[in-house]
2 protein chains.
Amino acid sequence: MEARKKDERLRDVTRRMIMDRTARLLVEKGYGTTSLRDIAQACDMKAGSLYYHFEGKDALVEAIMARGVTLVETAVRGALDAQAADEPLARIKTAMAVHLETLHDRSDYGSAHIRCFAHVPPEIRQRLREMRAGYEAIWTELLQEAKSGGAIAQDIDLHTLKFALIGMMNWTLEWRLPSDAAPDEIADRFFCIAFEGVRHG
Amino acid sequence: MEARKKDERLRDVTRRMIMDRTARLLVEKGYGTTSLRDIAQACDMKAGSLYYHFEGKDALVEAIMARGVTLVETAVRGALDAQAADEPLARIKTAMAVHLETLHDRSDYGSAHIRCFAHVPPEIRQRLREMRAGYEAIWTELLQEAKSGGAIAQDIDLHTLKFALIGMMNWTLEWRLPSDAAPDEIADRFFCIAFEGVRHG
DNA sequence: CGGGCTTTATAATGATCGTTAGATATAAAT
DNA sequence: ATTTATATCTAACGATCATTATAAAGCCCG
C-alpha cells in the first residue's frame with residue numbers, strides 16, 4: 001500500500017503537469033484553437049496518451065477551469081479567515097490583493113478560466129457558472145458587511161459594485177505590460193479608485 | 001453609373017449582413033469554434049460563396065473586430081465633440097455611457113472584438129492592438145484634462161484608472177442578466193463608484 | 001431575346017480535428 | 001523469472017476544417 005500510494009501520487013503529478021501546460025495554452029490560444037496535439041506536444045507526449053489521464057479534451061478543459069475558480073476561492077477565503085476580526089474595508093482590500101495575485105503570479109488556471117469561459121461548450125459553462133456563483137458570494141457578503149457597517153454609502157448598488165470590482169481586476173489580464181506594477185500595488189490603486197473615489201486626494 | 005452605384009451598395013449590404021451575423025457567432029462561440037460553415041449557414045449561403053466577399057476567415061474576422069473598435073471610437077468621439085465645452089468629469093461620464101451603449105445595444109461588433117481579441121491569430125491581434133491604442137488615447141486625454149483641471153486627485157495613476165474604467169465597462173459583457181439596468185444607468189453607477197467613491201453617500 | 005456581369009453553388013483538395021483500439025515499453029509484485 | 005499493472009506509443013478512424021477551381025444561376029443592358 002506504500003507503493004500504491006506512491007504510484008497514485010505519480011499519476012497525479014503527471015495529471016497536474018498536463019493541466020499546467022494546457023492551462024498555459026488555453027490562455028494563449030483559447031479553447032477552440034488549442035488542439036489535443038498541441039497539448040500533447042507541450043507535454044512531450046502523443047495525443048492518444050492523454051486519454052489515459054483524462055476522458056477527453058472537454059474533461060481536461062473543465063478540470064482546468066474548475067481549478068481556476070477553486071484556486072482563487074481557496075486563496076481568498078484563506079486570507080479572509082485569517083483576517084476575520086478586521087474591519088470590512090480592510091478585508092475587501094485583502095481580497096482584492098489575493099484575487100489579483102492568484103490570477104497573475106500563481107498559475108494559469110484562473111486566467112484560463114476567465115479567457116475561455118465564454119466559448120467553452122454550454123454544459124461545461126453551466127457547471128462553471130455555478131462555481132463562479134459560489135465565489136462571487138464571498139464578495140456579495142463582504143460588500144454587504146461593509147455596507148451595513150456604514151463603510152459603504154447606502155445608495156450604492158452592491159450588485160453593480162461587485163461586478164465593477166471583479167471586472168477591473170479580471171481585465172488586468174489584458175494589460176500584459178511588463179512594466180505594470182505588482183498585484184498588491186494594483187490592488188491598492190483599485191481600492192483607492194473604488195472606495196476613496198478619484199476626486200479625493 | 002447610377003446602376004453601378006446601386007450594385008456596389010448591394011454588394012456592401014451583403015458584406016455587412018455577413019459581418020453582422022458572423023459577429024454574433026463570434027460573440028457566442030469564439031474565434032476557433034466558429035467555422036466558415038457555421039457562418040455560411042447563418043447567412044443562408046454555402047461556405048465557398050463567402051470567398052466572393054472576403055478573402056478568407058481571418059480577413060472576415062479582422063474586418064469585424066476592426067469595426068468593433070471603430071464603432072465605439074466613432075460614437076464616443078462624436079458624443080465628446082458635441083460636448084467639447086463641458087467640464088471634464090461630465091465628458092467622462094458621457095464617454096462611459098456611450099461606450100456601454102455601443103457595446104450592448106448597437107451591434108455585436110464591439111463584443112466580438114472584446115471576446116475574441118486574446119485568441120485571434122497574432123498578426124491580426126497586433127493590428128487590432130494599434131487600433132485599441134488609438135481609442136484608449138481618448139481616455140488618456142480625457143483623464144489628463146480632468147486631472148490637470150483638479151477634478152482628479154494628484155496621486156491617482158491615470159494608467160491604472162483608465163484600465164479600471166475600461167475593465168469594469170467591458171466586463172459587463174459577462175453579466176448577461178436580463179434584469180440588468182440600461183447602459184446609461186450602469187454608466188451612472190460606475191461613475192459614482194470610481195469618481196465619488198463608494199464611501200461617500 | 002441574348003450576352004456580360006455579378007453572385008452563389010458544387011464538389012473536391014489536403015490538412016487537421018477528437019477519439020479509439022491495440023501494441024509496446026517500463027517497472028513492480030509474486 | 002513470470003505475471004501484473006501502469007503508462008505511453010502507434011496507427012488509424014471518420015468527421016470536419018479552410019480553401020480552391022469550376023460550373024451554374026441570376027440579373028441588368030442592349
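A note on names: the letters A, B, ... follow the listed sequences, proteins ahead of strands, and every chain is numbered from 1.
At least one side-chain heavy atom of B:Leu26 sits less than 4.5 Å from a side-chain heavy atom of B:Val61.
Atom CG of B:Leu50 is separated from atom C1' of C:dT7 by 12 Å (rounded to the nearest Å). Rounding to whole angstrom units, CZ of residue A:Phe54 and C1' of C:dT19 are separated by 16 Å. Taking atom OH on A:Tyr51 and atom C1' on D:dA12, their separation rounds to 14 Å, with Å as the unit. If you measure from atom CG of A:Asp58 to atom C1' of C:dC17, you get 13 Å, rounded to the nearest angstrom. Straight-line distance from the CD1 atom of B:Ile18 to the C1' atom of C:dT7: 11 Å, rounded to whole Å. For the pair B:Leu25 CG and D:dA18 P, the interatomic distance rounds to 12 Å; values are reported in whole Å. If you take CD1 of B:Ile39 and C1' of D:dC17, they are 12 Å apart, rounded to a whole angstrom. At whole-Å resolution of the value, CE in A:Met45 and C1' in D:dC9 are 10 Å apart.
Ion pairing between B:Glu174 and B:Arg115 holds under the 4.0 Å rule for side-chain N and carboxylate O.
Heavy atoms of B:Thr33 sit nowhere under 4.0 angstrom from any nucleic acid atom. In this structure, B:Gly56 reaches the sugar-phosphate backbone alone: every heavy-atom distance under 4.0 Å involves primed, P, OP1 or OP2 atoms, never a base.
Here the closest non-hydrogen pair linking B:Gly56 and B:Tyr51 is CA-CE2, 3.6 Å.
Each of A:Lys46 and A:Arg37 was matched to the nucleotide of DNA chain D holding its nearest heavy atom; the match closer to the 5' end belongs to A:Lys46. Projected onto DNA chain C by closest heavy-atom contact, A:Gly48 and A:Asp38 fall at different nucleotides, the more 5' of which corresponds to A:Asp38.
Less than 6.0 angstrom separates the ring centroid of B:His159 from the ring centroid of B:Phe163.
Phosphate contact (OP1/OP2 of D:dA7, side-chain N/O of A:Tyr52, threshold under 4.0 Å): present. The shortest distance between the side-chain N/O atoms of A:His53 and the OP1/OP2 oxygens of D:dT8 is below 4.0 Å. The side chain of A:Ser35 contributes no N or O atom lying less than 4.0 Å from OP1 or OP2 of C:dT16.
With hydrogens and angles ignored, the 3.5 Å screen pairs no side-chain donor or acceptor of A:Thr172 with any backbone N or O of A:Met168.
Each of D:dT6, D:dC9, D:dT20 was ranked by its minimum atom distance to the side chain of A:Arg11; first place goes to D:dT6. Comparing C:dT19, D:dT6, D:dA18 against the side chain of B:Leu36 picks out D:dA18 as the nearest.
One donor-acceptor pair, N or O on each side, does fall under 3.5 Å between the base of C:dA9 and the side chain of B:Ser49.
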